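Everything on this sheet refers to the single structure shown next.
Along the sequence shown, residues are numbered consecutively beginning with 1. Order of appearance sets the numbers: ligands from 1, and atoms from 1 within every ligand. A quick note: this is a predicted structure, and the numbers were derived from the prediction, not measured.
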Amino acid sequence: MAIQSHEAEAKNLKVIFIPFSATSHIIPLVEMARLFAMHGVDSTIVTTAGNAGIFQKSIDHDFNRGRPIKTHVLEFPAKQVNLSVVTETFNTDTPLTEAAKFQEGFVMLQSLIENYLLGELEVDCIVSDLCHPWTVEVASKLGIPRIVFSPASIFSRCAELLFEKHRAHNEVESDYDKFTIVGFPHKFEMSRSQLPDWMKKPSMYGMIIKALNDSARRSYGAIFNSFSDFEGAYEEHYKNAFGTKCWGIGPVSLWANQDVSDKEERGEAKVEEGNSDLLKWLHSKKENSVIYVSFGSLNKFPPSQLIEIAHALEASSHNFIWVVRKNINEKEGDEGFMEEFEKRMKENNKGYLIWGWAPQMLILENKAIGGIVTHCGWSTIMESIKVGLPMVSWPLFADQFFNEKIIIDVLRIGVSVGAKEWRNWNEFGSEVVKREEIEKAIALVMENGKESEEMRSRSKALSEDAKKAILVGGSSHANLMQLIHELKSLKHQRLNGVLLGQ
Ligand code: UDP
């Protein structure tokens, strides 16, 4: 083919996106796929029918808007692995007893995806969740770049690597002694109890993380739901630590979901049930008077913790929206406590409980919301920053204790509830945060004191930076354009017979 026609061909970039089967991994990667399609890239998301249900409406909308995007649906091998549950997604409802079968199903799914990719003659790039390390081999077989996506902060990805190397946490005596993290642009203190188990002792999970990190190092680059004014220093750190390129292209939710319908239908929303009661309730509240309380898509508290939160919210002088997920595996119930609590809150119009999935984007951007109590899930942090909300940080698992450091120590836009124990996402552990601590932190964030005013104004300034980042001339916009341009040149080189060394 003549060089000129290779140039024309390279303009038609085809990228395949492979999300991991967990709601909070799927949402931001699909939003990234939608951003690529928004900028003319032929984008295909490969997943199972059950997972596609989480986002398909947004893809249909984008397709009808004339964007080149589609989902390629594969059948999850539930029958072959004898899985009795109907879900294909890791979330709060995934029964732990079925975990091994899920795992088996995922391994079988891997070969289905691989066959699809190897059969797709025209794919130019794979954007893969970090949890699919094998995609680096497939990309290499195809001679195309693999870009790795992690739904975490850039900071936490760098911190994991730094801890592996320096092991400063081994130099303190007790699990609760503080040690300083060295080697970063900012100074942080943590305790061993706040670190993931796999960092503290050798485990199977630690070996998996090592494999994921190795595959990240062998990738062409990494993309994050972040932006330079926020995590620019860590973008540079990542490049050195992992030896690959790194692009922050966030906040992706703000960029991809510009219509109300996008926000309403996001994630596991049951659109047919509507949000009119919730919105009516919010509209009846004064500006900045409501605190939003949510612990993401993976957490379920037992009654002992729910009761402490309920007492704190009732005692607080502020209104609240609380997204509640009760631990259905709990043998002992709360003896009707939560139902009574909800009834009281409804009667005195103080609080609104959402059992299950909340339309978080719609809620956060409502003027009545003045702050958030968050488990420091990365997407939630990005969504709160985007609307300039100060935060009460309450990390639980995964990268959340690292994310808290950015909120509290670097940006100073939040107050910590004082959680000390890292735990697995599906276990509760022994720590119960007391009502007094929760109430105190909420008051500090929501009241009109000097500290709160300063936090709020720093949050608002960061929100302005986030909005600018996605506009023409902004850092995330420039990063996405540069990445697309680079992928086109790589395609052009490949068509001219230049091999890619990843
Ligand atoms: N989310 C939502 N409604 C819910 C729970 C979660 O819209 O009731 C969305 C939230 O907006 C975010 C994602 O799900 O985009 C949760 O991701 P995050 O990283 O904050 O936490 P995780 O679920 O991984 O703990």
**Report entry** Expected output: side-chain T48 to main-chain L74 donor-acceptor under 3.5 Å
**Finding:** no
Query - Sidechain-backbone polar pair: K405 side chain, V410 backbone, donor-acceptor under 3.5 Å - result: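 Answer holds: no.
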Mark up the atoms of ligand 1 that fall under 4.0 Å of a heavy atom belonging to [X], in ascending order.
{"X": "W378", "value": "19 (O)"}
{"X": "G377", "value": "18 (P), 19 (O), 20 (O), 21 (O)"}
{"X": "G356", "value": "8 (O)"}
{"X": "S24", "value": "16 (C), 17 (O), 22 (P), 23 (O), 24 (O)"}
{"X": "R266", "value": "11 (O), 15 (O)"}
{"X": "A358", "value": "2 (C), 3 (N), 4 (C), 7 (O), 8 (O)"}

Report task. Measure R325 to ligand 1 on non-hydrogen atoms and call it side chain, backbone, both or neither using the 4.0 Å cut-off. Result ->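 It is the side chain that gets close, since no backbone atom is under 4.0 Å.
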Report task. Quick one: look at H25 and ligand 1, take heavy-atom pairs under 4.0 Å, and tell me if it's side chain, backbone, both or neither. Result ->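 The answer is neither; H25 stays 4.0 Å or more away.
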Query raised in the report: Does the ring centre of Y352 sit less than 6.0 Å away from the ring centre of W281?
Result: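 Judged by ring-centre distance (under 6.0 Å), W281 and Y352 do meet the cut-off.
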Requested in this report: Run the ring-centre check on W378 versus F230 and record whether the distance is less than 6.0 Å.
Outcome: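 Yes: the rings meet the under 6.0 Å criterion.
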Query - Closest to atom 13 (C) of ligand 1 (judged by heavy-atom distance), picking from P359, S153, S384, S379 - result: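 Comparing heavy atoms across P359, S153, S384, S379, the nearest one to atom 13 (C) of ligand 1 lies in S379.
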Query raised in the report: So which of W355, F295, W357 gets nearest to atom 2 (C) of ligand 1, if we judge by its closest heavy atom?
Result: W357
Query - Distance-only N or O hit between ligand 1 and E383, under 3.5 Å - result: yes
Query raised in the report: Are any of the N or O atoms of V323 closer than 3.5 Å to those of ligand 1?
Result: no
Nearest protein heavy atom with distance in Å, relative to [atom]:
{"atom": "atom 23 (O) of ligand 1", "answer": "S297 OG, 2.5 Å"}
{"atom": "atom 20 (O) of ligand 1", "answer": "T380 OG1, 2.5 Å"}
{"atom": "atom 21 (O) of ligand 1", "answer": "H375 NE2, 3.0 Å"}

Query - Parallel, tilted or perpendicular: rings of F184 and F155 (30°, 60°) - result: tilted
Query raised in the report: Do the ring planes of F397 and H375 sit parallel (below 30°), tilted (30 to 60°) or perpendicular (above 60°)?
Result: tilted
Query raised in the report: Does the distance from a Lys or Arg side-chain N to an Asp or Glu carboxylate O, for K280 and D277, drop under 4.0 Å?
Result: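 Here K280 does not pair with D277 in a salt bridge, since their nearest N and O are not under 4.0 Å apart.
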Requested in this report: Identify which one of I484, I69, L483 satisfies the side-chain contact (heavy atoms from CB on, under 4.5 Å) criterion when paired with V41.
Outcome: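 Of I484, I69, L483, side-chain contact (heavy atoms from CB on, under 4.5 Å) with V41 is met by I484 alone.
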Report task. Determine, stepwise, if the pair S430 / E421 fulfils side chain to side chain donor-acceptor pair (under 3.5 Å). Result -> CA-CA 8 Å; S430 56; E421 303 275 356; 5.0 Å; no
Report task. Among K350, R435, R344, find the one that has a salt bridge (Lys or Arg N to Asp or Glu O under 4.0 Å) with E314. Result -> R344
Query raised in the report: Should A398 be listed as contacting ligand 1, given a heavy-atom distance under 4.0 Å as the test?
Result: no
